[in-house]
Protein chains: 2
Amino acid sequence: MKTIEIEEDLYLYIAGQTKHIGESASDILRRLLEVDASIQESAEPEPVDLNSQAVDDVPPEQPTQESSVYENLEDVVTTPQDPDFLSYFNFELIGNAGSSTKRFLSLLASLYTVNNAMFAKACVIKGSKREYFSQDKDSLLASGKTSKPQAIPDTPYWVITNTNTARKRHILQHVASEMGLQESQIERLCEAI
Amino acid sequence: MKTIEIEEDLYLYIAGQTKHIGESASDILRRLLEVDASIQESAEPEPVDLNSQAVDDVPPEQPTQESSVYENLEDVVTTPQDPDFLSYFNFELIGNAGSSTKRFLSLLASLYTVNNAMFAKACVIKGSKREYFSQDKDSLLASGKTSKPQAIPDTPYWVITNTNTARKRHILQHVASEMGLQESQIERLCEAI
DNA sequence: GAGCGGATCGAGGGGATGCTTC
DNA sequence: ACGAAGCATCCCCTCGATCCGC
């Protein structure tokens with residue numbers, strides 16, 4: 001194992017390309033760069049050292065076997081694999097919200113809280129014309145005529161709100177699914193809307 | 001700055017992609033991943049924008065007569081002879097498109113990107129009445145009653161779209177075949193529609 | 001842009017099927 | 001007359017946002 005240093009945004013970008021839970025940085029980069037493990041010896045120009053910024057030695061404090069990129073993100077709370085995953089959802093509170101729109105927002109907020117890096121990646125979804133999610137209210141406003149964007153509480157995100165309940169379920173289901181939740185968990189969430 | 005751990009061979013591979021002395025790991029990865037410093041959180045890899053990366057990978061000229069036709073064109077990225085040819089296709093992204101029409105368009109866009117000179121030659125195909133390809137929407141419109149032309153993304157071309165899936169496969173197969181793809185590669189593309 | 005929620009209905013796109021043509 | 005190839009009608013489904021009810 002080698003350690004390299006990269007800039008923050010690039011780091012987030014790479015993390016955002018995660019396709020499976022627990023994927024290591026190597027896995028992701030191999031996929032993106034289309035380098036498979038077998039071609040490693042492929043004669044390349046000699047290892048120009050990744051300059052001074054590359055740290056050549058790995059401090060053994062890093063647990064290598066599960067080096068999912070997420071573990072370096074300080075905002076990670078849990079992953080969908082966590083058997084207690086749904087316990088992070090306060091269904092009681094959510095259920096008390098007065099409308100499905102409110103419940104929709106709370107559920108999204110919970111997903112964000114549980115793992116905001118995965119949420120960021122999962123909320124890339126749009127309809128035929130409208131943007132569904134954005135960090136910017138105005139861009140949602142711009143993409144549709146009366147989409148009624150609302151802020152997702154305790155979150156930098158906004159969602160479209162002018163949809164019927166079925167569509168709210170679809171949106172939630174999409175996000176949850178992209179985040180890797182189990183089918184049964186997704187069902188539970190959608191029912192809670 | 002963030003730190004990530006990657007496997008040794010991948011590290012060497014990345015180091016081997018150094019273009020300038022003193023380039024940082026971030027610089028190299030940005031170039032390889034085509035992520036510029038201003039990426040937004042939602043930036044997704046562009047399936048068809050493979051030019052800059054692929055240029056470096058053009059294999060030694062094949063001694064076929066076709067390749068000599070193209071070898072002087074600066075826009076040649078690779079040729080169907082390239083054993084890695086299909087790796088230029090982002091099947092994952094293509095597969096995620098919501099309809100066969102969308103996938104059809106993406107696949108054509110990929111063929112164009114991979115070698116636009118060959119594409120230009122290969123897309124000369126028409127049905128009994130309708131034009132199939134054109135750089136001009138109106139000429140497609142003019143040649144049929146409801147052909148539903150759509151722009152091929154990131155491309156100067158338009159294609160007819162009002163066909164059943166079988167015909168979309170025929171069209172794709174014709175273009176791929178004219179471009180000189182192997183039978184097995186063509187099959188792979190047609191299945192992806 | 002300020003009342004909010006969201007069901008309902010209309011617009012539009014996808015593409016299989018059936019008709020036409022050769 | 002029969003089949004094959006190709007065209008485009010037309011149904012279905014998705015998605016938007018109007019508009020009504022509270």
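Since we're looking at a predicted model, the values are computed, not measured. Order of the sequence lines sets the chain letters (A, B, ...), proteins ahead of strands, with each chain counted from 1.
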> So what does A:Lys137 touch, heavy atoms closer than 4.0 Å: a base, only the sugar-phosphate, or nothing?
Replying inline: base

>> Just to verify, what does A:Glu92 make a side chain to side chain contact (heavy atoms under 4.5 Å, CB included) with, not counting sequence neighbours?
In response: A:Asn90, A:Asn96

> Which residues pass the side-chain hydrogen bond (donor to acceptor under 3.5 Å, both in side chains) test with B:Ser139, sequence neighbours left out?
Replying inline: B:Ser134

>> A:Phe91: which residues meet the ring pair (Phe, Tyr, Trp, His ring centres under 6.0 Å) condition with it, sequence neighbours left out?
In response: A:Phe89

> Contacts to DNA chain D from residues 160-168 of chain A, heavy-atom cutoff under 4.0 Å, which residues?
Replying inline: A:Asn162, A:Arg167

>> Heavy atoms within less than 4.0 Å of DNA chain C: which residues of residues 91-107 of chain A have one? Give them sorted by number.
In response: A:Ser99, A:Ser100, A:Thr101, A:Lys102

>> Whether the side chain of A:Asn164 engages the backbone of A:Arg167 through a donor-acceptor N/O pair (distance < 3.5 Å, no angle test) should be reported.
In response: yes

> What residues in residues 143-156 of chain A put a non-hydrogen atom under 4.0 Å from any atom of DNA chain D?
Replying inline: A:Gly144, A:Lys145, A:Thr146, A:Lys148

>> Rounding to 10°, can you tell me the angle the first-five-pair axis of the helix from C:dG3-D:dC22 to C:dC22-D:dG3 makes with its last-five-pair axis?
In response: 20°

>> Applying side-chain hydrogen bond (donor to acceptor under 3.5 Å, both in side chains), can you list everything that pairs with A:Ser100, at least two apart in sequence or on another chain?
In response: none

> How far apart are the C-alpha atoms of B:Tyr132 and B:Thr163, what are their side-chain angles, what is the distance that settles it, and do they pass the side-chain contact (heavy atoms from CB on, under 4.5 Å) test?
Replying inline: CA-CA 10 Å; B:Tyr132 284 175; B:Thr163 71; 5.8 Å; no

> Would B:Met118 and B:Ile125 show up in the same hydrophobic cluster when neighbours are defined by side-chain heavy atoms closer than 4.5 Å?
Replying inline: yes

> Which heavy atom in A:Ile193 sits nearest to a heavy atom in A:Arg169, and how many Å separate them?
Replying inline: O-NH2, 3.7 Å

> Which heavy atom in B:Ala122 sits nearest to a heavy atom in B:Val175, and how many Å separate them?
Replying inline: CB-O, 3.5 Å

>> Could you walk me through whether A:Tyr112 and A:Leu108 satisfy the side-chain contact (heavy atoms from CB on, under 4.5 Å) test, starting with their C-alpha distance in whole Å, then the side-chain angles of each, then the deciding distance to 0.1 Å, before giving a yes or no?
In response: CA-CA 6 Å; A:Tyr112 173 88; A:Leu108 290 171; over 6 Å; no

>> Could you walk me through whether A:Leu93 and A:Ser106 satisfy the side-chain contact (heavy atoms from CB on, under 4.5 Å) test, starting with their C-alpha distance in whole Å, then the side-chain angles of each, then the deciding distance to 0.1 Å, before giving a yes or no?
In response: CA-CA 9 Å; A:Leu93 198 82; A:Ser106 292; over 6 Å; no

> Which residues pass the side-chain hydrogen bond (donor to acceptor under 3.5 Å, both in side chains) test with B:Tyr157, sequence neighbours left out?
Replying inline: B:Gln135

> Is the backbone N or O of B:Ala151 less than 3.5 Å from a side-chain atom of B:Lys137, with the two atoms forming a donor-acceptor pair by type?
Replying inline: no

> What are the bounds, 5' to 3', of the part of DNA chain D that sits under 4.0 Å from heavy atoms of chain B?
Replying inline: D:dG6 to D:dC10

>> Applying side-chain hydrogen bond (donor to acceptor under 3.5 Å, both in side chains), can you list everything that pairs with B:Glu178, at least two apart in sequence or on another chain?
In response: none

Just the atom pairs and distances: protein N or O near nucleotides 20-22 of chain C's N or O, under 3.5 Å.
none

>> For B:Val159 versus B:Leu105, what's the shortest heavy-atom pair and its separation?
In response: CG2-CD2, 3.7 Å

> Looking only at heavy atoms, which two atoms of B:Gln150 and B:Thr101 are closest? And how far apart?
Replying inline: NE2-CG2, 3.8 Å

> Between B:Ile152 and B:Phe119, is a side-chain contact (heavy atoms from CB on, under 4.5 Å) present by the stated rule, with each step listed?
Replying inline: CA-CA 12 Å; B:Ile152 305 177; B:Phe119 182 89; 4.2 Å; yes

